[in-house]
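Everything on this sheet refers to the single structure shown next.
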Amino acid sequence: MLSRPDVAVVGAGPVGLAIAWRCAARGLRVVVHDPAPGSGASHVAAGMLAPVAEAYFGEHELTGLLTASAARWPAFAAELTAATGVDVGYRTEGTLMVGLTADDLAEARRLWAYQQGIGLPVTPLRPSALRDREPALAPRVRGGAFAATDHQVDPRRLVPALRTAAERAGATLVPAAVRRLSDVAAGVTVVAAGCGAAALTGLPVRPVKGQVARLRAPGGGAPGFRHVIRGYADGEHVYLVPRSDGEVVVGATVEERADTDVSAGAVLRLLRAAVDLLPELAEYDLVETLAGLRPGTPDNAPILGPLPGRPGVLAATGHHRHGIVLTPVTADLIADLISTGTVDPLLAPFTPARFTPAVAAEPATSAGSGVNVGPVVPAADARSGSGTSVPEEEHTWN
């Protein structure tokens with residue numbers, strides 16, 4: 001029997017582990033529940049930190065959150081490396097956004113004009129300037145733009161580093177799954193379970209399938225390009241993410257379905273578009289194809305903060321295609337909310353309350369009808385009660 005933890009985090013992807021790390025560093029006693037840490041969307045993700053390239057029409061508030069989180073990434077990556085000794089693959093060469101045909105370029109320019117109009121740093125480039133930066137680009141490329149502040153990190157390095165940091169700060173990982181939040185005993189429960197948050201909370205989180213391919217440069221060398229490439233190629237959208245170890249991630253489809261099967265057609269479309277933009281990729285080794293499920297929401301924005309009618313339950317889910325870039329700001333905002341009891345203004349547009357009619361609330365397990373979040377007193381200072389953070393029966397979530 002363990003004393004009741006201050007915080008239980010359900011889900012050990014990058015968001016859940018980062019929240020656990022931040023909470024444990026504040027002196028809170030933290031338990032993380034997950035039978036397979038890092039096996040969800042982050043295992044498939046390319047790790048682009050793209051507040052500019054991912055800024056879309058009608059998502060102004062989300063773009064603000066993306067920009068705020070991207071600005072935290074340099075310090076976040078440095079702190080994580082200092083805490084663990086792990087290089088998380090943080091790279092700052094920037095992102096080239098390109099159009100292969102005249103139609104592709106026209107579509108891309110509409111988005112770039114919008115991004116410039118809201119003050120984002122987008123620098124248009126002629127074909128010659130593009131090839132000065134990346135000589136491997138196909139001669140057919142008609143034009144593009146440069147997003148200097150859109151960087152990258154390697155999620156497959158990030159998740160183990162976050163787990164190490166959280167455990168060194170005092171968090172405990174429980175390798176058991178959670179099916180009902182009432183099975184979790186803690187002062188505050190944070191649901192960071194990705195697509196699994198729907199079954200646990202009733203929130204409108206749905207799976208959005210994404211297929212990717214991973215290539216490797218021949219001979220064990222580095223890829224023949226340095227920047228992240230985000231392109232339009234004969235109407236197909238594709239991104240190419242180079243790693244220093246020779247890997248190139250090619251992605252990704254966006255499909256409203258819940259299976260993780262890899263289809264030949266999807267891989268064919270991705271690889272054709274990739275080779276159209278960077279012909280040398282045809283000589284790279286195809287080493288992996290896989291699919292993952294992003295946690296999407298009706299407005300494509302994350303769900304962050306207290307659940308209405310669920311005392312002591314916070315959501316940190318629904319990050320869709322932005323889970324990696326939003327990891328630092330999500331962790332900071334949720335940890336601050338837990339430790340101070342105050343909702344940061346940055347959270348206001350993203351709270352679960354915007355979906356209140358869709359929330360099927362489970363009966364509260366503690367007294368009161370409001371949301372009772374913090375400030376949480378560390379367990380070391382509030383030695384009241386006892387319980388267990390590990391359910392007697394193992395449950396599952398997806």
Side-chain angles (χ1 to χ4, degrees), residues 11 13-16 19 40-42 44-45 48-71 107 110-111 114-115 117-120 150 190-210 230 237 239 251-258 292-310 313-334 337 343-361 371 398:
V15 169
I19 292 169
S42 64
V44 182
M48 292 176 294
L49 312 176
V52 175
E54 292 282 354
Y56 290 110
F57 304 100
E59 297 181 352
H60 188 73
E61 290 173 329
L62 175 57
T63 298
L65 189 68
L66 293 172
T67 302
S69 195
E107 180 182 355
R110 285 193 290 272
L111 182 59
Y114 165 75
Q115 292 163 346
I118 60 174
L120 297 176
D150 280 14
V190 180
V191 182
C195 295
L200 291 169
T201 65
L203 288 168
V205 179
R206 73 187 191 283
V208 181
K209 179 179 177 179
R230 299 179 67 106
H237 296 189
Y239 60 70
T253 65
V254 179
E255 305 168 58
E256 293 289 343
R257 49 191 299 168
L293 301 176
R294 312 171 183 93
T297 65
D299 58 8
N300 294 327
I303 304 175
L304 310 172
L307 265 65
R310 303 290 291 275
V313 178
L314 303 179
T317 188
H319 291 79
H320 198 204
R321 60 184 180 268
H322 308 302
I324 304 300
V325 65
L326 288 179
T327 290
V329 75
T330 300
D332 290 341
L333 293 176
I334 296 298
L337 175 58
V343 178
D344 189 288
L346 268 177
L347 282 176
F350 308 105
T351 64
R354 72 189 194 273
F355 298 125
T356 297
V359 175
V371 177
N398 296 316

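Given the structure is predicted, the values throughout are model-derived calculations rather than measurements. Position 1 is the first residue of the sequence; numbering continues from there.
Residue pairs satisfying the salt bridge (charged side-chain N to carboxylate O under 4.0 Å, His left out) criterion with at least one member in residues 62-71, sequence neighbours excluded, are absent. A salt bridge (charged side-chain N to carboxylate O under 4.0 Å, His left out) check over residues 292-308, counting only residues at least two apart or in different chains, returns the pairs Asp299-Arg354.
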Ignoring hydrogens and angles, write down the donor-acceptor pairs under 3.5 Å from the side chains of residues 325-334, residues two or more places apart or on other chains.
residue: Thr327; atom: OG1; partner: Gly323; partner atom: O; Å: 2.8
residue: Thr327; atom: OG1; partner: Ile324; partner atom: O; Å: 3.4
residue: Thr330; atom: OG1; partner: His319; partner atom: NE2; Å: 3.1
residue: Thr330; atom: OG1; partner: Leu326; partner atom: O; Å: 2.8
residue: Asp332; atom: OD1; partner: Arg22; partner atom: NE; Å: 3.1
residue: Asp332; atom: OD2; partner: Arg72; partner atom: NH1; Å: 2.9

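Annotation: ring pair (Phe, Tyr, Trp, His ring centres under 6.0 Å) contacts of Tyr56 (sequence neighbours excluded): none. Here Thr351 pairs with Ala353 under the side chain to side chain contact (heavy atoms under 4.5 Å, CB included) rule; sequence neighbours left out. In this view, Pro298 and Pro204, Phe355 satisfy the side chain to side chain contact (heavy atoms under 4.5 Å, CB included) rule, not counting sequence neighbours.
The CE atom of Met48 sits 4.5 Å away from atom CZ of Arg230, with the distance rounded to the nearest 0.5 Å. The line from NZ of Lys209 to OG1 of Thr253 is 7.0 Å long, rounded to the nearest 0.5 Å. Note that the OH atom of Tyr114 and the CD atom of Glu59 stand 7.5 Å from one another [nearest 0.5 Å].
Residues Pro51 and Leu65 are not in side-chain contact: their nearest non-hydrogen atoms beyond the backbone lie 4.5 Å or more apart. Between Leu62 and His322 there is a side-chain heavy-atom pair separated by less than 4.5 Å. Counting heavy atoms from C-beta on, the side chains of Leu337 and Pro306 come closer than 4.5 Å. No side-chain heavy atom of Glu255 sits under 4.5 Å from any side-chain heavy atom of Val208.
Between Pro349 and Glu61, the closest heavy-atom pair is CB-OE1, 3.5 Å. For Leu293 against Ala258, the heavy-atom pair with the smallest separation is CD1-O, 3.5 Å. Across Val15 and Ala316, no two heavy atoms sit closer than the pair CG1-O, 3.9 Å. Listed here is the closest heavy atom pair of Asp150 and Ala53: OD2-N, 2.8 Å. What you find for Val44 and Gly210 is that their closest heavy atoms are CG1-O, 4.3 Å.
Tested against Pro352, the residues Leu307, Leu314, Val191 include a single side chain to side chain contact (heavy atoms under 4.5 Å, CB included) partner, Leu307.
Judged by distance alone, the side chain of Arg206 and the main-chain N or O of Thr297 form a donor-acceptor pair under 3.5 Å. Of the possible donor and acceptor atoms, one in the side chain of Thr317 sits under 3.5 Å from a partner among the backbone N and O of Gly194.
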Can you check side-chain contact (heavy atoms from CB on, under 4.5 Å) on Thr201 and Ile303, steps first, answer last? CA-CA 11 Å; Thr201 65; Ile303 304 175; over 6 Å; no
